[in-house]
Amino acid sequence: MKKTLTIGLVENDLEFRGTTEVMLRNISSISKIYTWTSAEEYLREKNRPVLDIVFLDIMLPYKNGVDLAREISKENPQTNIIMLTNMNSDALIFESIKNGALGYILKSELGTLETIIQTVIEGGAVITPTIALRVFSSFRKDKSKAPEMSDRERQVLELLVR
């Protein structure tokens, strides 16, 4: 893992944000942690740091995390995006991945942040078991109801699930 990492967290649930910050502060490879309570607060900041990883809550108050992921991916493609959510809808999962997310983690299945961070920094992607099951199930459903993806997007998603 890289010696020192700069991590961002965009989360409007103060209790969850506080708990997550404590977990992040206990990871020795992290040198800086920045937090924002909304996409708008993140976007308003004039001198935003370049982040190694940003954790985004999907259900932010106005602009949601999925839309923010798209903007971050365009602005800083080297920033690794991990979605944190209580929502496990197929549409949100696929849209997040299309917008650059390398991780989709249910807050209830957060597990060890250090392992998640290490996996992403080393070039991998992470999804929780519940989300993996939804992805697999979506491929088994009626193709006419599945989200439209190119062959390449489908291939990347299949590799992500594996």
Side-chain angles (χ1 to χ4, degrees), residues 1-11 13 16-36 39 42 45 47-60 64-90 92-139 147 149-162:
M1 193 183 307
K2 191 175 167 181
K3 289 288 185 218
T4 59
L5 300 172
T6 303
I7 305 293
L9 175 61
V10 183
E11 171 63 61
D13 180 327
F16 183 80
R17 188 176 74 217
T19 301
T20 305
E21 267 190 270
V22 169
M23 292 168 66
L24 290 168
R25 291 193 192 291
N26 288 322
I27 300 172
S28 62
S29 60
I30 296 174
S31 62
K32 297 267 188 195
I33 301 169
Y34 296 90
T35 62
W36 299 271
Y42 171 88
E45 188 168 318
N47 297 313
R48 278 192 306 278
V50 175
L51 303 169
D52 295 297
I53 295 177
V54 63
F55 291 91
L56 300 178
D57 182 14
I58 287 185
M59 299 310 290
L60 294 169
N64 68 38
V66 176
D67 292 337
L68 181 57
R70 182 182 330 103
E71 292 190 42
I72 292 171
S73 290
K74 286 179 185 173
E75 184 179 300
N76 291 309
Q78 73 280 9
T79 298
N80 298 294
I81 300 168
I82 300 174
M83 308 309 290
L84 293 175
T85 187
N86 291 320
M87 307 295 294
N88 63 358
S89 82
D90 293 351
L92 289 174
I93 295 167
F94 290 110
E95 194 65 26
S96 295
I97 293 168
K98 283 182 177 182
N99 287 349
L102 291 174
Y104 196 101
I105 309 296
L106 287 178
K107 291 178 180 180
S108 62
E109 297 178 359
L110 191 56
T112 61
L113 277 174
E114 190 163 12
T115 302
I116 292 167
I117 290 168
Q118 184 172 355
T119 299
V120 170
I121 289 299
E122 291 176 354
V126 292
I127 56 176
T128 55
T130 301
I131 299 303
L133 180 60
R134 289 191 69 90
V135 170
F136 277 114
S137 296
S138 74
F139 283 108
M149 291 188 289
S150 69
D151 290 339
R152 181 67 179 146
E153 288 172 328
R154 192 175 315 284
Q155 181 184 27
V156 169
L157 187 56
E158 288 172 357
L159 291 172
L160 173 66
V161 170
R162 278 191 217 133

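For the atom pair CE (Met23) and OG1 (Thr112), the distance works out to 7.5 Å, reported to the nearest 0.5 Å. In this structure, the separation between CD1 on Ile72 and OH on Tyr42 is 4.0 Å, given to the nearest 0.5 Å. Here Leu92 contributes atom CG and Ile97 contributes atom CD1; the two are 11.0 Å apart, rounded to the nearest 0.5 Å. With rounding to the nearest 0.5 angstrom, the CD1 atom of Ile127 is 7.5 Å from the CD1 atom of Ile93. In this structure, Asp67 CG and Leu60 CG are separated by 10.0 Å, a value rounded to the nearest 0.5 Å. To the nearest 0.5 angstrom, Leu9 atom CG is 8.5 Å from Trp36 atom CH2.
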Inset, instruction - Dump the intermediate steps for side-chain contact (heavy atoms from CB on, under 4.5 Å) on Asn80 and Ile121, then the final yes or no. - result: CA-CA 8 Å; Asn80 298 294; Ile121 289 299; 3.9 Å; yes
Inset, instruction - Mind running side-chain contact (heavy atoms from CB on, under 4.5 Å) on Thr20 and Lys107 for me, showing each step along the way? - result: CA-CA 10 Å; Thr20 305; Lys107 291 178 180 180; over 6 Å; no
Inset, instruction - Walk me through it: do Leu24 and Leu113 pass the test side-chain contact (heavy atoms from CB on, under 4.5 Å)? - result: CA-CA 7 Å; Leu24 290 168; Leu113 277 174; 3.7 Å; yes
Legend entry - CA sep, side-chain torsions, deciding dist, call: Asn86, Phe16, side-chain contact (heavy atoms from CB on, under 4.5 Å): CA-CA 12 Å; Asn86 291 320; Phe16 183 80; over 6 Å; no
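The closest side-chain heavy-atom distance from Val126 to Ile105 is below 4.5 Å. No side-chain heavy atom of Phe94 sits under 4.5 Å from any side-chain heavy atom of Val66. In this structure, Ile58 and Tyr104 have side chains that are in contact, with non-hydrogen atoms separated by less than 4.5 Å. Residues Ile53 and Ile116 form no side-chain contact, since every pair of their non-hydrogen atoms from C-beta on lies 4.5 Å or further apart. Looking only at side-chain heavy atoms (C-beta outward), Arg25 and Ile33 come within less than 4.5 Å of each other.
The two residues Ala69 and Ile81 make their nearest non-hydrogen contact at O-CD1, 3.5 Å. Considering all non-hydrogen atoms of both residues, Arg70 and Glu95 come closest at NH2-OE2, 4.4 Å. Between Ala101 and Met83, the closest heavy-atom pair is CB-CG, 3.7 Å. When every heavy atom of Val120 is checked against every heavy atom of Leu102, the shortest pair comes out as CG1-CD1, 4.2 Å. Nearest approach of Ser73 to Gly100, heavy atoms of both residues: OG-CA, 3.5 Å.
Between the Ser31 side chain and the Leu5 main chain, a donor and an acceptor come within less than 3.5 Å of each other. A donor-acceptor pair under 3.5 Å is absent between the side-chain atoms of Thr6 and the main chain of Lys32, judged by distance alone.
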